[in-house]
Undergrad: 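One structure, pasted below without further comment.
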Amino acid sequence: MSAKKMRGYSRRRFLNLFGGSIAVPFVLGALSSRAAGLAGKLVMIKGPHSADEAKFEAEIIADFKKGNPGVDVEFTTYDWANMNAQLTAGFASGSPPDVQYLVDLIYPAYAERGVLQDMTTWVNDPAWKSERDAIAPFAWSLAKSSKGIWGVPVLGAVYNIFVNLDLLNAAGVAGTWQKSYADMMAAAKATTKGDTFGVSLRTRVSDFAFWDWFPYIHNAGADILNKDWSGHGLAGGEDAMQFLIDLHKAKVTPPVGSVDWQGQFDLFKAGKIAIYHGETPQINELLASPPPFKWDVAYAPPGPKGQTVMGNFGILSIAAASKNKDAAWAFIKHWASGPEVGRFAGEVNLQVVRTDIVNQLYGDKPQMQKIQKEFVPRVKGVQPHPKILTMLQQIWPVAEDSYLGNLTGNDAIAQMGEIINRLV
Amino acid sequence: MAATPSQFSAIEHQTRRASAALRRDLTAYAFLAPILLFFIVFMALPVVWLFYLSFQNDGILAPARFAGLDNWRRTFADRLVLKCIGNTLYYCLIAIPTVFVLGMIVALSLETIRRGAAILRVIIYFPTLQASLIVALIWTFMIHPDFGLLNIVIRAATGVKMNFLGNPASAMPTIAMIEVWKGLGFWAILFLSGLLALPLDLYHAAELDGAGPVRRFFSLTLPLMKPTFYFAVIFATIVNLQLFDSVFVLTDGGPVNSTATIAWYIYRSLFTFSDPGFGATLSFVLVIVVVSLTALQSWLMRARV
Amino acid sequence: MPGRPSRLALEPSAAARWLAALVLIVTAIISLAPFFYVVSTSFKETRSLFTYPPHWFPDPIYFGNYLALFEKHPFGWWLANTLLVSSVVTVLKFFIDGMAAYALAKLDFRGKRLVVTALLVSVAIPLAALLIPLFLIVRSLGIIDTRIALILPPLANPLGVFMIRAFIAGVPDELIQSARMDGAGEFEILRRVVVPLIRPGLVVHATFIFSNQYTSFLWPLVAVRDTQKQVITVGISSLRAIFTVDWGLISAASLIAAIPLTVIFILFQRAFFQQSLAGALKE
C-alpha cells in the first residue's frame, strides 16, 4: 500500500479506537449513573459478630457509597439474646429496617407471616448469575422455601470440635478417637482423670445445646422433620441419642448443666477437656491467647449414614414493608460480593458460603482454612421450617432429662417425635 | 344560727345530698384523673387488645385469623402450662416467707443499731439496685462448681460439689436464693419504715407492765405491723408470681423446664414461638392466678383481724 | 441518729446491740462480697469469666474496659437518658400516685370498687404480654423511638398507688375529719395534713419508682432503636457480641451504671431518716 493510504487507514483506525475509548467511559458512565441513580435511605440491622462490628460495617458501607453516592446507609444492631423481641417489634412497627440479617432458625417464621420480601426475581436475574452460582447450593436451599427465596446467604458458623492434642496423645488415642463412636467413648474414658474430662457437649437450653446434638442425629440419617415435613424424622436416631446419654452416664463429661458453654470453653482453654464441642469463632480466642497445649479442629466420628458437621447460617433479607427495595437489593449484592463478604468474614472469623474466594481467606489461620475447605462442604444445616425454633426449644428438655439419666435413647426420641408431630 | 334539718323539705334534703355526692365524686375523680388517663391509654387499651388477641391466631405480624376458643382449649391441654403454674407457686412459697423473715430480722437489727446504720442500709440495699444481667453474672461466679464461693464453702463442709443450676431439683431453689439475695434490701427497708412508724407510748406502757423484749415483739410489734405485712404479702405475691428476668437470663426455663414460670412462657410464646394468641391467653391465666391467690390471701388475713 | 428514742425499751440492751451488729455485718458481707469478683473482673483485660486457676486480683490493673465504654459506645448518653427518664417518672409519679392513693384511701365515691378492682387486676398483667400492644399504641401516637416513649407508659403502673395508699391508710381518719370541718378542701388536706405524716412512705415510694425505672429493660428494648436515646440496661445488654461475652467490659459497665443509682438512694435515705427523726421528735 502507498504510505498515504496507510496513514489514512491507521488514522481511521486511530480515530475509531480513540472514539471508542472515549465512548466506552461515556457508556460506562451512563450505565453507572443509572445505578448511581439509586437514592434514598437504607437501614440495615444485624447482630454483632464482634466488638468492632460497627467499624467493619462502616467499611462495607463506604465501599458501597463509592458506586452509589445517592444512597445513605444506616447500620444498627440487635441484641442476640433479645433478637426475636426486637425484630418482631421492628416488623410490627410498619417501618422495619430495610435490610435484615436473619439466621436460619428464625427467618422462616417471619417469611411465613409475610413480612419478608420474596427475592426470587432478583436472585434469578441473569445479570447476577455468576454471583449467584458462586454461593454454594446447600446455602441456597437453606434460604428458600416452596413459596420463595427469602434472602441471600452470606455467613455461617460451623460447630466444630476442638481437641487437646496433648491430652489425646498422652492417652494414646489421638489417632483413633475419630474412627467410631465406640472409639470416641474409649478415648473419652482414657482421658478422664482427676478434674479433667474427656468430652464436653452443651446441655443447657440457654446455650442452644441442640447444635452439638445435631451431627450425631444427622449421621444416623435422621432429622427433625421427615422428607415432606409432614411429621418428625427422628426415626433411626435412637442409637445416636443413646451414645450421647452414655457419654454423660460414663461421667466423662462435666456434670450435666453444671457449667455453661462459656464455662466449658474456659475449661478447655485450661487444658481440662480433651474433646470440646465448640464453634469456629472461638478459634480467634485460641489464636489470640494461645493455650499451653497443642490443639486442632475436628468433626465427630461417622455414624451409620454419614459424617456430617453442623453449622448455622445467616441470610440478608429485605423487609416486605421496605420503601427502598431497589437500593436494598443493590446493597445486599454488594455485601454478598466476594471482596466484601470475604473481608468481613476474615475480620470476624466466620465462614463464607461462597465457593470462589475460599482460597484467599484466612491466610494466617490454618484452622479456619481447614474448616472452610474441609468442614463446610460436609455441613448439613437445619430444615428451614417456620416452627423449627419452637420445635428445637420444646424437645430440648427431653434431651436434658435423658442426659440426666432418666430416659433411654428410645424413649427420648419417641417423646421428641411426639412433640414435633404435635407442632407440625 | 346553722340551718337545722327541719328547715328543709324532704326533697330539698335529697337534692342537697345528691349535689354533695356529686361534688364528692367529682373531687375524687379529679384526684384520680391523671392515673386514670395514663392507665386507660397505656394499660387498659393494651389489655383489651390482648383479650381480643387471645381469640385469634397471629394478629401481630400476620393478619389475625379468628380462632375461637382454640387458644383457651390449648392452654388447658398443655402440660407445660400446669408445670409453669406449679413452678411459679413453688418459687413463691420458698422465696416470699424466706425474704420476709430475713428482711424482718435485718429491719429489727437496723432499728436497734444507731451508729453506722446509714452505710449498712446502703450496702444492704445495693443488690436490689442491680440489673438482672449483672446479678446473673455475679451468681454464675458464686455457684461455679470449681471456683464459686458457695461451692468452696460447701466443699469444705461436705466434700461435695453442688450442681446448682444443672439439677432440676435444685434449679428453682437456686433462683429463689438469688432473688432473696436481690430483694432482701428492699424488704428490710420497707419493714424498717413500718417499724419506725409504730407508736412509742404503747411500748413504754408495756415495758412498765414488765413485758420483756421478746414478749413485746410478739404481742405488740407483730400485731401492730399487720397493715405493713398485709400490704407486703399482697405486693410480694403479685411481683413474684411474675418472675421472669432471672429465669430468662440464667436458665431459660431449664433444666427440663424446672424453672419455667408463667411469665417466661408468655414471653416465649409471644416472641420465640411467634404465637401471640396463645401468649395473650396465658397472660389472662396469669391474671387469674394472681387475682385468685391475692383474693385468698386477703380473705385469710382479714379473718385474722 | 443521736438522741432518737428507740422503740425497744428506750435503750436497747448491749446484748441486743451486739446481736444486731452481728446480723448486719453478716448481711453486709453477703450483700457485697459477690460484687468483689465483678470489680476484679472489670480491671482485667481478660474476656473470660474464669481463668484456671482464677486470678482473684487483677494483675496488672487494666483501665481499658472503662475507657472503652466511653470511647467505643455511647455510654454517657445511656447514663444521661436513664437518669433523665427515671427522674422525670419519679417526680410525675409522686403527684399522680399520691393524689390517686389519697382518693382511694380517704375519699368515698361512686365507682370506687370498680376503680380499685381495675387497678388491682391490671397489676397482675406481665409486661411481656403488653409489649406489643403498647408498642402499637405508642407508635400510633407518633412518639416511638423518643424519650417521651420511655416516660409516659410507666406512669400508668398502679403499683405505686397501692403502696402510698397503704401508708395513707395509717393516717387516722379523725385528723382528716377535723380538717374537713375546719373547711379545708381535699387537696389542701392532702398537702398539709397527710403528706407530712407519710413522708417516710413517700421516700420508699420514690426509691422504688426510681430504681424500678432505672433497671427497666423490656420496654426500652422494644420502644427505642436509636442507640443515643437508649437506656443503660439495654445498652449493657448490647455489649454482648454473639460468641464471646466481654465480661471485663460488662463488669465495668455495670459498676459505673450502679453509681448514680446508689448516690440517689443515699440521698433518698438521708431524707427518709431525717424525716422520721423529725417525726419522732415531734411526738
Side-chain angles (χ1 to χ4, degrees), chain B residues 24-25 27-28 31-32 34-35 38-39 42-43 45-47 49-50 60 105-106 109-114 120-127 129-131 133-134 137-138 141-142 147 189-190 193 196-198 200 203 207 213 227 231 238 242 244 263 266-267 270 279-280 283 286-287 290-291, chain C residues 1 5 7-9 12 16-17 20-21 23-24 27-28 31-32 34-35 37-38 50 54 96 99-100 102-103 107 109-110 115 121-126 128-130 132-134 137 153 155-156 158 161 166 169-170 186 200-201 204 211 215 233 236-237 254 258 261-262 265-266 269 276 283:
Chain B
R24 187 196 61 193
D25 288 350
T27 320
F31 276 75
L32 288 169
I35 190 91
F38 288 108
F39 176 76
F42 296 114
M43 209 138 214
L45 276 181
V47 170
W49 191 87
L50 205 65
I60 292 186
I105 294 177
V106 173
S109 308
L110 280 172
E111 220 242 353
T112 311
I113 294 287
R114 281 182 249 152
L120 286 167
R121 276 199 308 272
V122 175
I123 294 179
I124 292 172
Y125 205 86
F126 199 64
L129 298 174
Q130 304 307 313
L133 185 58
I134 209 57
L137 158 63
I138 289 170
F141 154 62
M142 292 286 280
F147 302 112
I189 299 293
L190 185 79
S193 75
L196 288 173
L198 297 180
L200 285 176
Y203 283 88
E207 201 222 354
F231 165 76
I238 293 176
Q242 295 182 42
F244 169 74
I266 291 172
Y267 182 90
L270 283 171
S283 309
L286 179 57
V287 171
V290 171
V291 169
Chain C
M1 295 179 292
R7 188 183 45 77
L8 298 167
R17 272 208 254 133
V23 166
L24 290 175
T27 312
S31 298
L32 223 46
F35 288 93
Y37 200 68
V38 177
F50 283 108
I96 297 177
M99 284 168 50
Y102 179 69
L107 295 178
F109 55 94
R110 280 171 289 192
V115 171
V121 169
S122 71
V123 164
I125 311 263
L130 293 177
I132 295 291
L134 205 53
I137 291 176
L155 297 176
V161 176
E186 298 295 341
V204 172
S211 59
T215 53
T233 40
I236 294 183
S237 186
S254 311
L261 190 52
T262 312
F265 176 73
I266 294 177
Q269 282 297 295
S276 70
E283 283 174 40

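The chains referred to below are lettered A, B, ... by the order of the sequence lines, with proteins before strands, and numbering in each begins at 1.
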Undergrad: Considering non-hydrogen atoms only, spot the tightest contact between B:F42 and C:A156 and give its length.
TA: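 It is CB-CB, 3.9 Å.
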Undergrad: Determine the minimum heavy-atom distance between B:M43 and C:S122, stating which atoms define it.
TA: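 Closest heavy-atom pair between B:M43 and C:S122: CE-O, 3.9 Å.
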Undergrad: What distance do B:I105 atom CD1 and C:L24 atom CG have between them, rounded to the nearest 0.5 Å?
TA: 11.0 Å
Undergrad: Taking side chain as everything from C-beta outward and backbone as N, CA, C, O, which of these in C:V123 sits under 4.5 Å from a heavy atom of chain B? Side chain, backbone, both or neither.
TA: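 Looking at C:V123, backbone and side chain both touch chain B.
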Undergrad: Contact part of C:A21 toward chain B, heavy-atom cut-off under 4.5 Å: side chain, backbone, both or neither?
TA: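 Both backbone and side chain.
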Undergrad: If every non-hydrogen atom of C:A129 is compared with every non-hydrogen atom of B:S283, which pair is closest and at what distance?
TA: CB-OG, 2.9 Å
Undergrad: I'd like to check C:I132 versus B:L270 (side-chain heavy atoms, cut-off strictly below 4.5 Å). Are they in contact?
TA: no
Undergrad: Side chain, backbone, both or neither: which part of B:A280 has a heavy atom under 4.5 Å from chain C?
TA: neither
Undergrad: Heavy-atom distances under 4.5 Å only: say whether C:I137 touches chain B with side chain, backbone, both or neither.
TA: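 Just the side chain, heavy atoms under 4.5 Å.
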Undergrad: So for B:I124, is it side chain, backbone, both, or neither that comes closer than 4.5 Å to the heavy atoms of chain C?
TA: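 Its backbone and side chain both get close to chain C.
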Undergrad: I need the residue from B:V290, B:I123, B:D25 with the largest number of non-hydrogen atom pairs under 4.5 Å to chain C.
TA: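 Greatest number of close heavy-atom pairs with chain C: B:D25.
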Undergrad: Taking the side chain as everything from C-beta on, heavy atoms only, tell me whether C:T215 gets closer than 4.5 Å to B:L129.
TA: no
Undergrad: Might you point out which heavy atoms bring C:R110 and B:R24 nearest each other, and give the distance in Å?
TA: N-NH2, 4.4 Å
Undergrad: Answer yes or no: is there a side-chain heavy-atom contact under 4.5 Å between C:I125 and B:L286?
TA: no
Undergrad: Does any heavy atom of chain C fall under 4.5 Å from the side chain of B:Q130, the backbone, both, or neither of them?
TA: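 Answer is both: backbone and side chain atoms of B:Q130 are under 4.5 Å from chain C.
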Undergrad: Measuring from atom CG of C:L134 to atom CG of B:L50, what distance do you get when rounded to the nearest 0.5 angstrom?
TA: 11.0 Å
Undergrad: Measure up the C:F265 and B:Y125 rings against each other and bin them: parallel (under 30°), tilted (30 to 60°), perpendicular (over 60°).
TA: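 Parallel: the ring planes of C:F265 and B:Y125 meet at under 30°.
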Undergrad: What's the spacing between B:T27 OG1 and C:Y102 OH if we round to 0.5 Å?
TA: 10.0 Å
Undergrad: Give the minimum heavy-atom separation between C:A103 and B:L32, together with the two atoms involved.
TA: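 Heavy-atom minimum between the residues: CB-CG, 3.9 Å.
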Undergrad: Show the nearest heavy-atom pair for residues B:I35 and C:A100, with the distance to one decimal.
TA: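 The answer is CG2-CB, 3.6 Å.
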Undergrad: Just so I understand: if I count every heavy-atom pair under 4.5 Å between each of C:T262, C:V38, C:L107, C:V161 and chain B, which residue has the most?
TA: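 So the answer, after comparing C:T262, C:V38, C:L107, C:V161, is C:T262.
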Undergrad: Non-hydrogen atoms of chain C under 4.5 Å away: do they reach the side chain of B:F231, the backbone, both or neither?
TA: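 Only the side chain of B:F231 comes within 4.5 Å of chain C.
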Undergrad: Among B:V122, B:V291, B:L190, which residue forms the greatest number of heavy-atom pairs with chain C at distances under 4.5 Å?
TA: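 Result: the option with the highest number of such pairs is B:V122.
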